[in-house]
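Inspection log for the structure reproduced underneath, given as structure tokens.
Letters A, B, ... are given to chains in the order of the sequence lines, protein chains preceding strands, and every chain is numbered from 1.
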There are 2 protein chains.
Amino acid sequence: MTERKLEILTIAQGLFMTKGYPATSVRDIAKAAGVEAASLYSHINGKEELLDRTCFDLAEKFQDGIAEVNDIYFDAAQKLKMAIDTHVHILTNNIEAAVVFQRDWRHLNDHRRNDFIQLRNKYEDGFRVIVQNGIDEGLFSEVDVKFAALTILSSLNWIVEWYDPKGKLSASQIAENLFNFTFTGLRK
Amino acid sequence: MTERKLEILTIAQGLFMTKGYPATSVRDIAKAAGVEAASLYSHINGKEELLDRTCFDLAEKFQDGIAEVNDIYFDAAQKLKMAIDTHVHILTNNIEAAVVFQRDWRHLNDHRRNDFIQLRNKYEDGFRVIVQNGIDEGLFSEVDVKFAALTILSSLNWIVEWYDPKGKLSASQIAENLFNFTFTGLRK
DNA sequence: AAGTTTGCCTAACGAATGTTAGTTATGACA
DNA sequence: TGTCATAACTAACATTCGTTAGGCAAACTT
């Protein structure tokens, strides 16, 4: 990917984040890039390529993250802490792409959308494995594994709705809070 | 609202849910309603009215729900349980509207979007009050109130991403699981 | 029975959409 | 100096967008 193409991708992600993919026109992107709409086609194949790269580049980062965590020999609580930390850092380090990733993957074409969903399921499986490990190790109470993994991921993913890079909480602090909340709950 | 108008609104919500608001055309809605696009304008003022009603009708239900919970004299744990139960039932009973409510409120016009955000903040405040009560009553550990309320709502709201009316978990069961998870956490 | 309302129709509007074709200026390399 | 690649341009395309105007038939009201 050339430097200019990456630049355009980044600009597009910023617009997709604030306006949403379908509501962002190629002309919007061109304008933000200081260029005519047609000129973009020297760099990209079409609007959808920008969405595609956004979704799949981030998906790859998530895959790598969870694979790394599940490869090491720690107990489930430590693994969960690491997985949460990794997830939060990926989200906050790529907040614009992350919003698009969460919200606009539906607008991929049928084929790519299927690929995407498959990756997503695989990732969720990684979290299920951790929860199951925790139960087997006697560290976690015997919850519904699928439901628990989903709920943990809910809390993590909602970050993109409120995260502010200039806010008072750093990514690491957010991750720590989330782990504590997930592990311990509200009860005193 | 006439019966036909409500019918059109419901049809629109179904389309908004699957395609998203900006990607759903007036002609799509008309086709699903078995009518020409122009005919819709005998019933509605414009496309945006459909989004507006969807967002604010549901917002009202949420307001009523949290107000009711905070009006009664139970301890914070019971209140939280009720608030979660109410929230989950509103979401699952209006799943199509709920998806639109969560995802597409951004496409309201500036004025209405501000109104919407205000309602949303007010609702979140309701949850913060419950968490604060719990801490004051010595039932909850001394967490960051704002963060905790946000995290609870994250788990609740993500439901719309996976809830299946024909799935094995009923709304009440989902609510119970979520309360247990929130209150107790994973730790054995 | 006469008048009015309702719910739809066809036709068309101007604007915006994603994309293509063909051209031109610039700068690197032989 | 001549050749080629790059990155931009203008112009235009077919299509779709939300919406309006005006008409017509059936159904309800008086």
Side-chain angles (χ1 to χ4, degrees), chain A residues 1-56 97 100 103-113 116, chain B residues 1-56 97 100 103-113 116:
Chain A
M1 185 150 57
T2 65
E3 197 180 334
R4 184 62 172 145
K5 184 167 181 176
L6 185 63
E7 209 171 66
I8 289 167
L9 179 59
T10 306
I11 288 168
Q13 287 169 347
L15 291 169
F16 292 163
M17 164 161 137
T18 47
K19 311 183 60 166
Y21 175 75
T24 303
S25 74
V26 172
R27 282 168 180 82
D28 289 336
I29 301 167
K31 194 170 184 182
V35 123
E36 290 298 318
S39 306
L40 293 180
Y41 287 80
S42 303
H43 303 277
I44 62 171
N45 297 325
K47 186 187 174 187
E48 197 183 324
E49 188 192 348
L50 296 167
L51 176 62
D52 195 283
R53 285 208 96 101
T54 302
C55 292
F56 283 90
V100 181
R103 195 214 288 139
D104 286 325
W105 59 269
R106 288 159 235 273
H107 300 104
L108 292 167
N109 66 53
D110 292 351
H111 174 56
R112 294 295 275 168
R113 189 170 52 245
F116 183 86
Chain B
M1 185 149 57
T2 65
E3 197 180 333
R4 184 62 172 144
K5 185 168 180 176
L6 184 64
E7 210 171 65
I8 289 167
L9 179 59
T10 306
I11 288 168
Q13 287 169 346
L15 290 170
F16 292 164
M17 164 161 140
T18 46
K19 310 182 59 165
Y21 175 76
T24 303
S25 74
V26 172
R27 284 169 179 82
D28 289 336
I29 302 168
K31 194 170 185 181
V35 123
E36 290 298 317
S39 305
L40 292 180
Y41 287 80
S42 305
H43 303 278
I44 61 171
N45 296 326
K47 185 187 175 187
E48 197 184 323
E49 188 192 348
L50 295 168
L51 176 63
D52 196 282
R53 287 208 95 103
T54 302
C55 292
F56 284 91
V100 180
R103 194 214 290 139
D104 287 325
W105 60 269
R106 288 160 235 273
H107 300 104
L108 292 166
N109 65 53
D110 292 350
H111 173 55
R112 295 294 275 169
R113 188 169 52 245
F116 183 87

Round to a whole Å and report the spacing from [atom1] of [X] to [atom2] of [N].
| X | N | atom1 | atom2 | answer |
| --- | --- | --- | --- | --- |
| B:E7 | C:dG7 | CD | P | 11 Å |
| A:L15 | C:dG18 | CG | C1' | 16 Å |
| B:E3 | C:dC8 | CD | P | 12 Å |
| A:E36 | C:dA21 | CD | P | 19 Å |
| A:L40 | D:dT10 | CG | P | 14 Å |
| B:I44 | C:dT6 | CD1 | C1' | 16 Å |
| A:H107 | C:dT17 | NE2 | C1' | 15 Å |
| B:K5 | C:dC8 | NZ | P | 14 Å |

Enter the distance from B:D104:CG to B:T54:OG1 here, rounded to the nearest 0.5 Å. 9.5 Å

Closest approach of A:K47 to A:V26 (non-hydrogen atoms, all atoms of both residues): CB-CG2, 4.0 Å

Distance-minimising heavy-atom pair for B:I11 and B:I29: CG2-O, 4.1 Å

So which one's nearest nucleotide on DNA chain C is more toward 5', A:D28 or A:N45? A:D28

Take the angle between the ring planes of B:F16 and B:Y21 and call it parallel below 30°, perpendicular above 60°, tilted in between. perpendicular

When you measure from the side chain of B:H43 to the backbone N and O of B:L6, does any donor-acceptor pair fall under 3.5 Å? no

Which nucleotide in the set [options] lies at the smallest distance from any side-chain heavy atom of [X]?
| X | options | result |
| --- | --- | --- |
| A:V35 | C:dT19, D:dA8, C:dC8 | D:dA8 |
| A:Y41 | C:dT10, C:dG18, C:dA21 | C:dG18 |
| B:S42 | C:dT19, C:dG7, D:dT19 | C:dG7 |

Please determine whether a side-chain nitrogen or oxygen atom of [X] lies at a distance below 4.0 Å from atom OP1 or OP2 of [N].
| X | N | result |
| --- | --- | --- |
| B:S25 | D:dC17 | yes |
| B:S39 | C:dC9 | yes |
| A:R4 | D:dA8 | yes |
| B:H43 | C:dC8 | yes |

Under 4.0 Å, heavy atoms only, any strand: does A:T24 hit a base, just the sugar-phosphate, or nothing? sugar-phosphate

